[in-house]
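Structure record follows, encoded as structure tokens.
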Amino acid sequence: MLIKSIEKFGKKILSLLESMGRAILFFLTGMMHIFTLPVQFAKIIDQTWFIGSKSIFVIILTGLFTGMVLGLQGYYSLVKVGSEAALGAAVALTLISELGPVFTAIMVTARAGSSMAAEIGIMRISEQIDALKTMHINPVRFLFSPRIIAAVISFPLLTALFDVVGIIGGFISGSIMLGINQHVYMDTVIQSIKIHDINLGFYKAFAFAVVTTTICCYRGYYTHLYSGFGARGVSLSTTNAVVQSCISIFVFDYIITFFWI
Amino acid sequence: MTIPLIQFIDVSKSFGASPVLKGLNLSIYTGEIIVVIGKSGTGKSVLLKHIIGLVQQDSGQILIEGKPLSQLSAVDRKSFYRKLSYMFQDNALFDFMSIYDNIALPLMEDSIFPKHQVKKKVLERMEQLGLIGIEEKFPAQLSGGMRKRVALARALVIDPKIVLFDEPTTGLDPVRKKKVHSMIQEYQKKFEFTAVIVSHDIPEIFNVAQRIAMLDEGTIKFEGSKKDILDSHSKILNDFIEGKDV
């Protein structure tokens, strides 16, 4: 009984190590092929359009409401200590260094990451990935490398957009609705933001782009190993990709903040 | 004695605990059309995937013109694989690409040919297969028969020396089946490639085949011409052809 349990535990550890090794190899192969010629311009542009441009509306909407909620909550908290004039600074700093990159990454994962996992998963179960191999096309280069470049371009830009719209949202609820002086709000925003905070936000966005794209593409690519063939396999891969990406966003957020501060 | 182009010697392959090929021996000769028949799930597609390198054998050897595939240098192996084309059972066309891009893909990614030459080759194949006018369409917009022809055009666009067909007529009506069969025959004669066809279309496929091999329980149980099949007294073979459950 004890030996069987140890055996079972050992097998789980081995399988975990195997999948970690596979994921690292997948990531390194994809990264290496970013630099192999010919450069896949058309695919990069296409993916940047899909990940970046098509996420703009979602980012504007979530950024606006996040900023408005922050303005509202921030005002009622600050007014208790008589510091409501610092609302602009509170909203801007929270958004730029924390909520902007995290929420942007979560929203883009929900919209584009899930779609990447599903698309690549369907390509796996319908033998399209095998077809690429028979045509001597490296599937990791073809499917993963352009997506990671597109994500690295899109995530920081979308994060910046989220931050700007969020600050405007804070302005709407703090100044227009609750009556904080408009010049005071904007002045505290400008005075409080330092390049150090902006860099932190961008480093996070960059890290989230790499981590979430790798997880989503990897889950789709190895659908057959983890979730099985068929529609159920693809749906499981997609769910796992989104859940694991979201968890990774929070873990990496903590790690980066810890080392940065 | 002619050296086979591809030769399987005692090839075995298992997936987990299930053995699929059990010491399989088979020779494929240059320029022939060989058809592999057998019940579903007997490993016919696995056999094809061994040739193209999608699956590796657990034991035994695959010889290419007398030399073990595993011992070929990276350059020689690459040059062998470049002579191969594979037509998948369900076509494996890329849904997000136009028909033109699907057919052009093997040439575009190779970056050996300049763009104008790629266009010329693709349009030539499209014309030969009656696909002109659908360049901008997507696979989902085509009928099953058209998709098969697109898959065939993609397989032939690189001028392969060996083409592997995995059940090329699955899901087609009898008229389209006949068309695909004559297409394979016609293009095999025209381009002089070696064709390995996995098929269930019995007896129609016998008219296409120059040689037939029957795979059963992981080994080749019969090998011969159409005449040999008709003259054969093999119970397994006759039961399979007559569709008897044994």
Side-chain angles (χ1 to χ4, degrees), chain A residues 11 15 18 33 35-51 54 112 115-147 150 217 220-226 228-231 234, chain B residues 15-16 45-46 48-56 74 77-98 101-115 139-140 147 150-151 153-158 160 162-167 170:
Chain A
K11 268 186 186 168
S15 137
E18 197 184 339
H33 281 299
F35 306 102
T36 55
L37 295 172
V39 180
Q40 307 179 85
F41 278 122
K43 279 186 222 115
I44 294 167
I45 291 167
D46 192 45
Q47 287 301 321
T48 310
W49 166 256
F50 177 70
I51 299 171
K54 286 196 163 183
S115 159
M116 279 183 218
E119 188 180 341
I120 297 175
I122 288 170
M123 289 182 76
R124 167 64 75 186
I125 63 165
S126 60
E127 293 186 308
Q128 291 175 43
I129 290 178
D130 283 344
L132 287 173
K133 287 183 190 167
T134 65
M135 287 183 256
H136 324 293
I137 297 168
N138 186 314
V140 178
R141 179 182 190 272
F142 188 82
L143 298 170
F144 176 52
S145 303
R147 282 178 167 86
C217 292
Y221 193 83
Y222 287 110
T223 290
H224 60 308
L225 292 186
Y226 298 112
F229 283 92
V234 176
Chain B
F15 291 103
S45 300
V46 173
L48 290 189
K49 284 179 180 172
H50 271 92
I51 301 175
I52 200 135
L54 286 175
V55 172
Q56 308 296 325
R77 204 176 310 164
K78 205 172 170 185
S79 108
F80 167 69
Y81 285 138
R82 280 190 185 279
K83 292 177 193 165
L84 287 170
S85 231
Y86 194 110
M87 190 174 154
F88 284 83
Q89 196 174 340
D90 294 319
N91 308 319
L93 297 174
F94 300 101
D95 312 321
F96 57 90
M97 283 184 183
S98 69
D101 288 339
N102 260 288
I103 300 171
L105 186 66
L107 300 173
M108 300 279 271
E109 289 293 318
D110 233 1
S111 61
I112 293 172
F113 302 100
K115 246 185 177 173
R147 282 202 289 265
V150 174
R154 187 176 70 183
L156 297 180
V157 78
I158 57 162
I162 306 157
V163 187
L164 313 174
F165 296 92
D166 191 356
E167 300 188 26
T170 309

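Model, not experiment: these values are computed from the prediction. Letters A, B, ... mirror the listed sequences (proteins, then strands); counts begin at 1. Below, all heavy atoms of this structure are taken into account, side chains as well, without hydrogens, waters or symmetry copies.
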Item to complete: Evaluate the side-chain proximity of A/Gln128 to B/Phe88: yes if any heavy-atom separation is below 4.5 Å, no if none is.
Response: no

Worksheet item: Below 4.5 Å, heavy atoms only, C-beta onward: do A/His136 and B/Lys78 meet side chain to side chain?
Response: no

Practice prompt. Please round to the nearest 0.5 Å and tell me the distance separating atom CE of A/Met123 and atom CZ of B/Phe96.
Written response: 4.5 Å

Discussion item. Applying the side chain to side chain contact (heavy atoms under 4.5 Å, CB included) criterion to A/Asp130, which one of B/Leu54, B/Val55, B/Ile52 satisfies it?
Written reply: B/Leu54

Item to complete: Give, for atom CG of B/Leu48 and atom OG1 of A/Thr134, the distance between the pair rounded to the nearest 0.5 Å.
Response: 11.5 Å

Worksheet item: Are more than 12 heavy atoms from other residues, nucleotides or ligands located less than 6.0 Å from atom NZ of A/Lys43?
Response: yes

Discussion item. Quick check on B/Asp95 against chain A: is it the side chain, the backbone, both or neither that has a heavy atom closer than 4.5 Å?
Written reply: both

Item to complete: Could you look at B/Leu93 and say if it's the side chain, the backbone, both or neither that has a heavy atom under 4.5 Å from chain A?
Response: backbone

Fill in: B/Lys49, part contacting chain A, at a heavy-atom distance under 4.5 Å
side chain

